[in-house]
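The structure under discussion appears below in the form of structure tokens.
Every heavy atom of this structure was used, including side-chain atoms; hydrogens, water molecules and symmetry mates were not.
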Amino acid sequence: VLSCSCLPDLREDDDPPCTAENKQVIERQCNVLKSDKFKVCHSLVNPDDFIEICIYDMCQYDGMKSALCDIVQVYVDTCKNHGITIKWRNNTFCPLPCPSRSHYKDCVSACPSTCSDIFASSLCEKTEECTEGCECDDNYVLSNGNCVPLSNCGCRDDDNNYYSVSSLWSKSLTSK
């Protein structure tokens, strides 16, 4: 017969370093999860635990905004797993930084157009699923993770091999 007994946890609660003044500001910020923007999910996902974690993390990291944005993202993802999509980011609240010549969208294609496949987004299987992210500006497409002008893209040969503009340029120089 195996018997186990546990010793009581005598550790003090680990309260993060937060002044009373800081904590009020942080609580106000974390309580954004109780706002109308997130209300549609409250009956499925209670925001209270997320708010508690948010307050703890923001106190721990001296009010760092990314801690707030991270926990809001986790709440939104949890809601999405329950079938609720919440559009929550904007230019002033937790903006998603995008590389040059691109912009944030709350729903981007899973198959963005690239130099090697400029029609990818239009030929992509249309599904209800999309994700937030950065999308290249008009007349720009992805090439090696950067948005480049469509005019900088190369071409394909009859065997569907892709050649970048730079490789075409160097081939034309070497073939002379």
Side-chain angles (χ1 to χ4, degrees), residues 2 4-114 117-138 140-142 145-147:
L2 180 65
C4 296
S5 63
C6 296
L7 296 174
D9 184 357
L10 300 176
R11 294 175 295 179
E12 289 184 34
D13 284 340
D14 185 21
D15 285 328
C18 218
T19 65
E21 185 181 309
N22 269 4
K23 194 166 183 181
Q24 276 188 327
V25 171
I26 288 170
E27 283 177 348
R28 216 174 13 258
Q29 291 175 330
C30 291
N31 277 328
V32 70
L33 288 174
K34 288 186 176 178
S35 71
D36 287 347
K37 186 177 289 258
F38 302 95
K39 194 175 195 172
V40 67
C41 188
H42 289 170
S43 62
L44 294 170
V45 181
N46 186 336
D48 292 341
D49 290 340
F50 293 86
I51 291 168
E52 197 175 310
I53 293 166
C54 176
I55 293 166
Y56 182 93
D57 286 356
M58 284 191 72
C59 283
Q60 185 70 38
Y61 297 108
D62 201 26
M64 196 165 64
K65 289 282 190 279
S66 62
L68 169 66
C69 296
D70 288 348
I71 198 66
V72 171
Q73 180 68 63
V74 171
Y75 183 79
V76 168
D77 289 346
T78 305
C79 291
K80 190 170 187 166
N81 290 341
H82 285 82
I84 306 287
T85 300
I86 300 172
K87 296 177 182 179
W88 63 283
R89 288 187 195 270
N90 60 42
N91 290 339
T92 57
F93 185 70
C94 299
L96 192 66
C98 290
S100 62
R101 298 180 294 274
S102 69
H103 56 278
Y104 169 79
K105 281 185 76 176
D106 55 19
C107 185
V108 295
S109 171
C111 332
S113 295
T114 63
D117 190 358
I118 59 171
F119 300 111
S121 61
S122 58
L123 298 175
C124 186
E125 185 179 320
K126 301 291 183 212
T127 64
E128 297 293 316
E129 290 298 308
C130 65
T131 186
E132 68 175 354
C134 299
E135 181 177 83
C136 289
D137 296 339
D138 288 344
Y140 286 83
V141 293
L142 275 178
N146 297 311
C147 293

Pair Ile26-Cys59, side chain to side chain contact (heavy atoms under 4.5 Å, CB included): steps then yes or no: CA-CA 7 Å; Ile26 288 170; Cys59 283; 4.0 Å; yes

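Taken to the nearest 0.5 Å, the SG atom of Cys79 stands 4.0 Å off from the CD1 atom of Ile86. To the nearest 0.5 Å, the span separating CG on Asn46 from SG on Cys41 amounts to 10.0 Å. To the nearest 0.5 Å, atom SG of residue Cys18 and atom CE of residue Met58 are 8.5 Å apart. Remark: Cys98 SG to Lys105 NZ distance equals 11.5 Å, nearest 0.5 Å. Taken to the nearest 0.5 Å, the CD atom of Gln73 stands 9.5 Å off from the OG1 atom of Thr78. Arg101 contributes atom CZ, which lies 9.0 Å from atom CG of Asp137 (distance to the nearest 0.5 angstrom).
In terms of heavy atoms, Leu96 sits closest to Gly133 at CD2-CA, 3.8 Å. Nearest heavy atom pair, residue Cys147 against residue Ser102, reads SG-CB, 3.7 Å. For Gln29 against Leu68, the heavy-atom pair with the smallest separation is O-CD1, 3.7 Å.
Here the side chains of Phe38 and Val72 are in contact, with some heavy-atom distance below 4.5 Å. Counting heavy atoms from C-beta on, the side chains of Leu142 and Ser113 never come closer than 4.5 Å. Contact check for Cys30 versus Ile51: side-chain heavy atoms found under the 4.5 Å cut-off. In this structure, the side chains of Cys94 and Trp88 come closer than 4.5 Å at one or more pairs of heavy atoms. Under the 4.5 Å side-chain criterion, counting only non-hydrogen atoms from C-beta, Cys134 is in contact with Pro99.
A search for salt bridge (charged side-chain N to carboxylate O under 4.0 Å, His left out) contacts involving Lys65 returns nothing, not counting sequence neighbours. Residues that satisfy the salt bridge (charged side-chain N to carboxylate O under 4.0 Å, His left out) test with Lys37, not counting sequence neighbours, are absent from this structure. Looking at residues two or more places apart in sequence or on another chain, you find a ring pair (Phe, Tyr, Trp, His ring centres under 6.0 Å) between Phe50 and Tyr75. Considering only residues two or more places apart in sequence or on other chains, Glu132 meets the salt bridge (charged side-chain N to carboxylate O under 4.0 Å, His left out) condition with Arg89. Judged as a salt bridge (charged side-chain N to carboxylate O under 4.0 Å, His left out), and not counting sequence neighbours, Asp138 has no contacts.
Judged as a salt bridge (charged side-chain N to carboxylate O under 4.0 Å, His left out), the pairs with a partner in residues 40-54 (not counting sequence neighbours) are, in order, Lys34-Asp48.
Listed for the His42 side chain is a donor-acceptor partner under 3.5 Å among the backbone atoms of Leu33. The backbone N or O of Phe93 sits less than 3.5 Å from a side-chain atom of Asn90, completing a donor-acceptor pair.
Within 6.0 Å of CG on Asp62 lie no more than 12 heavy atoms contributed by other residues, nucleotides or ligands.
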